[in-house]
Amino acid sequence: MGALLDVRNLGVRFGAAEAVRGVNLSLDEGEVLGLVGESGSGKSVTSLAIMGLLPPAARVRGQILWQNAAPADPVDLLQQPPAAMRLMRGHKVAMVFQEPMTALNPVMSVGRQVAECVTAHHPSLTAREAKQRAIAALEEVALPQAALRYGDYPHQFSGGQRQRILIAMALINRPRLLIADEPTTALDVTVQAQILALLAALQREHSLAMLFISHDLAVVSQVAGRVAVMLAGEIVETGRADRLLLAPRHDYTRKLLAAVPTLRSDRSQPLAIAGR
Ligand SMILES: Nc1ncnc2c1ncn2[C@@H]1O[C@H](COP(=O)(O)OP(=O)(O)OP(=O)(O)O)[C@@H](O)[C@H]1O
Ligand SMILES: [Mg+2]
């Protein structure tokens, strides 16, 4: 059986600018692949292409093959009509974004937003059933007092709690692939660790395939078995996370690693990745 997701020679341009060039990625059922690279390297554009959420101005080449239930042939997501992609999103492939506040509707209670994710894909459910499922999903991500806080609005939750709510929304329809695009970047370090642990636990429990995106190789290597390193729109190195950490082959991967602070880091020096 082929990979669940097989991205072949993906290219994305915005006018004359090439945001992504010749990207190849594949993910098996239940596998976690990390995607790391500095700001602007094309990580989000790659994930939006998979979700079918690129703006109309984007010019896309290549194939994004998705393995439907075997033995069907894979379908190319880039060739799917918008209506089919809408059905895929949330149901088969879901995404968690960097900034939870902007991904939530500020004027709708979080409970209703989670319930709407259910009814979007299961319109025959009654409002009560959808609410029950929403509460169960919020409990699964360990949102404190999920049932009591069902009617609260996004601004009444902390950043970490909002990210938990988004994870609940992403997973409520049991997708096979979750794309987590810098899900912990906006959070402080302690909360970051909690959200990482939660994602890792849910991934294992549901045998979920996950594309985990971050600019931080150390964070990625905590959850991903395999890591792809992106630079200026291209993948420059792919390998097992532990091998990449111990023996990075590409100069840029070494620089990404050197930017990770350790107890032995020279604190008198800036942390930024020194020029490529
Ligand atoms: N809608 C758009 N129109 C034009 N250019 C875009 C658009 N979206 C992204 N780009 C460009 O594509 C390139 C890759 O952007 P992308 O958002 O994928 O980077 P990233 O690796 O996710 O960075 P970050 O770590 O900051 O999130 C950048 O040069 C960006 O300016
Ligand atoms: Mg991004």
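Order of listing sets the numbers, starting from 1, for every ligand and every atom in it.
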Original post:
Which residue, Leu35, Val20, Val36, forms the side chain to side chain contact (heavy atoms under 4.5 Å, CB included) with Lys43?
Top reply: Leu35
**OP:** Around atom 15 (O) of ligand 1, find the nearest protein heavy atom and jot down its residue, atom name and distance.
**Re:** Val45 CG2, 3.8 Å
Original post:
Quick one: does Ala17 get within less than 4.0 Å of ligand 1, heavy atoms only?
Top reply: no
Subject >> Nearest protein heavy atom with distance in Å, relative to atom 17 (O) of ligand 1 >> reply: Ser44 CB, 3.6 Å
Original post:
Quick check: does Ser39 put an N/O/S atom under 2.8 Å from the Mg ion (ligand 2)?
Top reply: no
Original post:
Does an N or O from His215, backbone or side chain, lie closer than 3.5 Å to an N or O of ligand 1?
Top reply: no
Original post:
Nearest to atom 12 (O) of ligand 1, what protein heavy atom do you find, and at what distance?
Top reply: Ala19 CB, 3.2 Å
Original post:
For His122 and Asn173, what are the C-alpha separation, side-chain angles and deciding distance, and is it a side chain to side chain contact (heavy atoms under 4.5 Å, CB included)?
Top reply: CA-CA 9 Å; His122 305 280; Asn173 291 308; 3.4 Å; yes
Original post:
Counting only heavy atoms on the protein side, is anything nearer than 4.0 Å to atom 4 (C) of ligand 1?
Top reply: yes
Original post:
So how far is it from Leu104 CG to Ser109 OG, rounded to the nearest 0.5 Å?
Top reply: 11.0 Å
**OP:** Indicate the ring-plane relationship of His91 and His121, choosing parallel, tilted or perpendicular according to the 30° and 60° boundaries.
**Re:** parallel
Original post:
With no hydrogens and no angle check, is any side-chain donor or acceptor of Asp76 less than 3.5 Å from a backbone partner on Leu65?
Top reply: no
Original post:
Can an N or O of Ser39 be found at a distance shorter than 3.5 Å from an N or O of ligand 1?
Top reply: yes
**OP:** Determine, stepwise, if the pair Glu29 / Gln67 fulfils side chain to side chain contact (heavy atoms under 4.5 Å, CB included).
**Re:** CA-CA 9 Å; Glu29 196 99 47; Gln67 189 77 47; over 6 Å; no
**OP:** Begin from the C-alpha positions of Leu202 and Ile167 and carry the test side chain to side chain contact (heavy atoms under 4.5 Å, CB included) through to its verdict.
**Re:** CA-CA 10 Å; Leu202 291 169; Ile167 294 169; 3.7 Å; yes
**OP:** Before signing off on this row, confirm whether Gly40 and ligand 1 have an N or O atom pair separated by under 3.5 Å.
**Re:** yes
Original post:
Will you find, in the side chains of Glu129 and Thr126, an N or O donor that is under 3.5 Å from an N or O acceptor?
Top reply: yes
Subject >> Any Glu38 heavy atom less than 4.0 Å from ligand 1 >> reply: yes
Subject >> Member of Val220, Val32, Thr238, Leu244 meeting the side chain to side chain contact (heavy atoms under 4.5 Å, CB included) criterion with Arg226 >> reply: Thr238
Subject >> Check: Gly37 N/O within less than 3.5 Å of ligand 1 N/O >> reply: no
Subject >> Phe14-ligand 1 polar pair, N/O distance under 3.5 Å >> reply: no
Original post:
Quick one: do Glu140 and Arg174 make a salt bridge, cutoff under 4.0 Å?
Top reply: yes
Subject >> Proximal atoms of ligand 1 relative to Pro55 (non-hydrogen, under 4.0 Å) >> reply: 1 (N)
Original post:
Within a distance of under 4.0 Å, is there any protein heavy atom near atom 26 (O) of ligand 1?
Top reply: yes
**OP:** Consider every N or O of Glu182 and every N or O of ligand 1, then say whether any pair is closer than 3.5 Å.
**Re:** yes
